[in-house]
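Everything below concerns the one structure shown next.
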Amino acid sequence: MKKILKLLILCFTCFSFILAGCSAQEEPKEEKVELKTIGEKTKGENVYKVTLTNSTGRTIKRFAIKTGTMDSFGENMLDEDDKFADEEKRVLYYDATTAIEENEEAQKDAEMQTSPDYTIQLTFDDDSTIELHSFPFSDVEKASIEFNNEESIAYIEYTSIEQDTKVSTEEAEIRIKQEQIAAQQAAEAAAQQAAQEQAQQEAALQAQQAQQAQQIQQQPVQQAPVQNTAPSANEGCLGDSVETW
């Protein structure tokens, strides 16, 4: 009886190992999905690589970058007809070699040099644009692009490489927008004031010209004295030229 029991236990143990082996073989292997890119996939000393998640709730159709030394944003880093969908992850590749060289050239005479300041412009499906200011390329590996509907600003959330802490640029973006609005209002007020002063000057000049024209019209006309051209009584008489004796 004991032999039969041992045999049953041994069979059960072997059967369990067989089932475990089959289960392990049947488990599907996770396929590694390669993310789409923003920009050209490349390597180099000044090439930044950042994994971005679009959490704006909108589709991004244009992605462009500029620095403080550039007058306008560069070309679209998304391929033609390619769109960065909401909740999609992509890998951003950005070669900053040219930006760094231009920044160094611009600051060659400065006592203290600073790193380039990067601004990212996002264009959505409705053609509206938004900017991410001072993008921290050197301090980020993964970031989520968020959107504040109330303030109409985009910002990023990421874990800082240097500080190993979570960072949000939301407050900074709100402050930048407020500063931009204030600067725009000040510029508009200055332009309006200049226009008013110009209008006042033109009105004063016109009034002065009208007054001068009126004074000229009111001046009396002075007539030249009439010269007497009639012949005198003795003119033409013989006696006027003849001596008397």
Side-chain angles (χ1 to χ4, degrees), residues 35-86 88-108 110 113-149 151-158 167-185 187-188:
L35 299 176
K36 288 185 176 181
T37 63
I38 301 175
E40 185 178 354
K41 185 177 181 179
T42 184
K43 293 182 180 180
E45 181 182 359
N46 299 318
V47 174
Y48 294 111
K49 177 183 177 183
V50 184
T51 301
L52 294 176
T53 302
N54 179 9
S55 300
T56 62
R58 304 181 180 192
T59 298
I60 299 171
K61 69 176 184 180
R62 192 176 189 278
F63 192 103
I65 299 176
K66 80 169 185 177
T67 65
T69 58
M70 298 171 61
D71 296 329
S72 59
F73 286 93
E75 297 180 354
N76 186 9
M77 298 178 68
L78 294 173
D79 293 336
E80 188 176 358
D81 298 328
D82 183 23
K83 295 183 179 181
F84 190 9
D86 182 40
E88 181 184 2
K89 286 186 178 182
R90 294 211 179 189
V91 180
L92 167 64
Y93 289 92
Y94 179 64
D95 188 348
T97 302
T98 301
I100 292 173
E101 291 176 351
E102 291 179 350
N103 185 69
E104 290 177 351
E105 178 65 22
Q107 301 183 83
K108 63 180 181 180
Q113 294 190 352
T114 58
S115 300
D117 185 66
Y118 302 97
T119 302
I120 295 178
Q121 184 189 64
L122 307 175
T123 303
F124 299 113
D125 254 356
D126 60 358
D127 290 327
S128 62
T129 60
I130 211 81
E131 294 179 1
L132 298 170
H133 300 91
S134 300
F135 193 86
F137 273 112
S138 60
D139 192 38
V140 59
E141 290 181 346
K142 296 180 181 180
S144 175
I145 305 174
E146 307 287 335
F147 193 85
N148 183 323
N149 288 287
E151 297 288 343
S152 295
I153 56 102
Y155 61 97
I156 62 171
E157 292 181 346
Y158 67 100
V167 179
S168 173
T169 63
E170 183 176 15
E171 292 185 2
E173 292 290 354
I174 292 175
R175 184 175 63 254
I176 290 172
K177 182 178 181 179
Q178 291 174 344
E179 291 174 352
Q180 289 176 340
I181 292 174
Q184 183 178 359
Q185 291 175 343
E188 291 175 353

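Counting begins at 1 with the first residue of the sequence. In what follows, every heavy atom counts, from backbone to side chain, and hydrogens, waters and symmetry copies are set aside.
Rounded to the nearest 0.5 Å, atoms CD (Glu101) and OG1 (Thr69) are 11.0 Å apart. Going from atom OG1 of Thr129 over to atom CD1 of Ile60 covers 12.0 Å, rounded to the nearest 0.5 Å. Rounding to the nearest 0.5 angstrom, the gap separating the CD atom in Glu173 from the CD atom in Glu170 is 9.5 Å. One distance of note links OG1 of Thr53 with CG of Asp86; it measures 10.5 Å at 0.5 Å rounding. Rounded to the nearest 0.5 Å, atoms CG (Asn103) and CD (Gln113) are 7.5 Å apart. Taken to the nearest 0.5 Å, the CZ atom of Phe124 stands 6.0 Å off from the CD1 atom of Ile130.
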Please output the side-chain donor-acceptor pairs of residues 88-97 that fall under 3.5 Å, not counting sequence neighbours, one pair per line with the distance.
residue: Glu88; atom: OE1; partner: Ala85; partner atom: N; Å: 2.8
residue: Glu88; atom: OE2; partner: Arg90; partner atom: NE; Å: 2.9
residue: Glu88; atom: OE2; partner: Arg90; partner atom: NH2; Å: 3.4
residue: Arg90; atom: NH1; partner: Asp82; partner atom: OD2; Å: 2.7
residue: Arg90; atom: NH2; partner: Asp82; partner atom: OD1; Å: 2.9
residue: Arg90; atom: NH2; partner: Asp82; partner atom: OD2; Å: 3.4
residue: Arg90; atom: NH2; partner: Lys83; partner atom: O; Å: 2.8
residue: Asp95; atom: OD1; partner: Thr97; partner atom: N; Å: 3.1
residue: Asp95; atom: OD1; partner: Thr97; partner atom: OG1; Å: 2.7
residue: Thr97; atom: OG1; partner: Asn46; partner atom: ND2; Å: 3.4

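Counting only heavy atoms from C-beta outward, the side chains of Tyr155 and Ile174 never approach each other to under 4.5 Å. Using a 4.5 Å cut-off on side-chain heavy atoms (C-beta onward), Ile145 and Phe147 make no contact. Looking at His133 and Gln180, their side chains come closer than 4.5 Å, going by heavy atoms from C-beta outward. Looking at heavy atoms from C-beta onward, Glu157 lies out of side-chain contact with Ser55 at the 4.5 angstrom threshold. The closest side-chain heavy-atom distance from Phe73 to Glu131 is below 4.5 Å.
Across all non-hydrogen atoms, the minimal contact from Leu52 to Phe135 is CD2-CZ, 4.1 Å. Considering every non-hydrogen atom in both Val140 and Ala143, the closest pair reads CG2-CB, 3.9 Å. The two residues Met77 and Ile65 come nearest to each other via the heavy atoms SD-CD1, 3.7 Å.
Between Tyr48 and Phe137, the two ring planes are parallel [angle under 30°; tilted spans 30° to 60°].
No more than 12 heavy-atom neighbours from other residues, nucleotides or ligands sit within 6.0 angstrom of CD on Glu40. Within 6.0 Å of CD in Glu188 there are more than 12 heavy atoms belonging to other residues, nucleotides or ligands.
In this view, Asp117 and Ser134 satisfy the side chain to side chain donor-acceptor pair (under 3.5 Å) rule, not counting sequence neighbours. Residues passing the side chain to side chain donor-acceptor pair (under 3.5 Å) test with Lys61, sequence neighbours excluded: Asp127. Not a single side chain to side chain donor-acceptor pair (under 3.5 Å) links Glu179 to another residue, sequence neighbours left out. Shown here are the salt bridge (Lys or Arg N to Asp or Glu O under 4.0 Å) partners of Glu75, two or more places apart in sequence or in another chain: there are none. For Thr169, the side chain to side chain donor-acceptor pair (under 3.5 Å) test picks out no residue, with sequence neighbours left out.
In this structure, the side chain of Lys177 does not engage the main chain of Ile153 through any donor-acceptor pair within 3.5 Å. Panel note: side chain Asn54, backbone Thr56; a donor-acceptor pair is recorded below 3.5 Å. Formation of a donor-acceptor pair under 3.5 Å by the Gln107 side chain with backbone atoms of Thr114 is found in this model.
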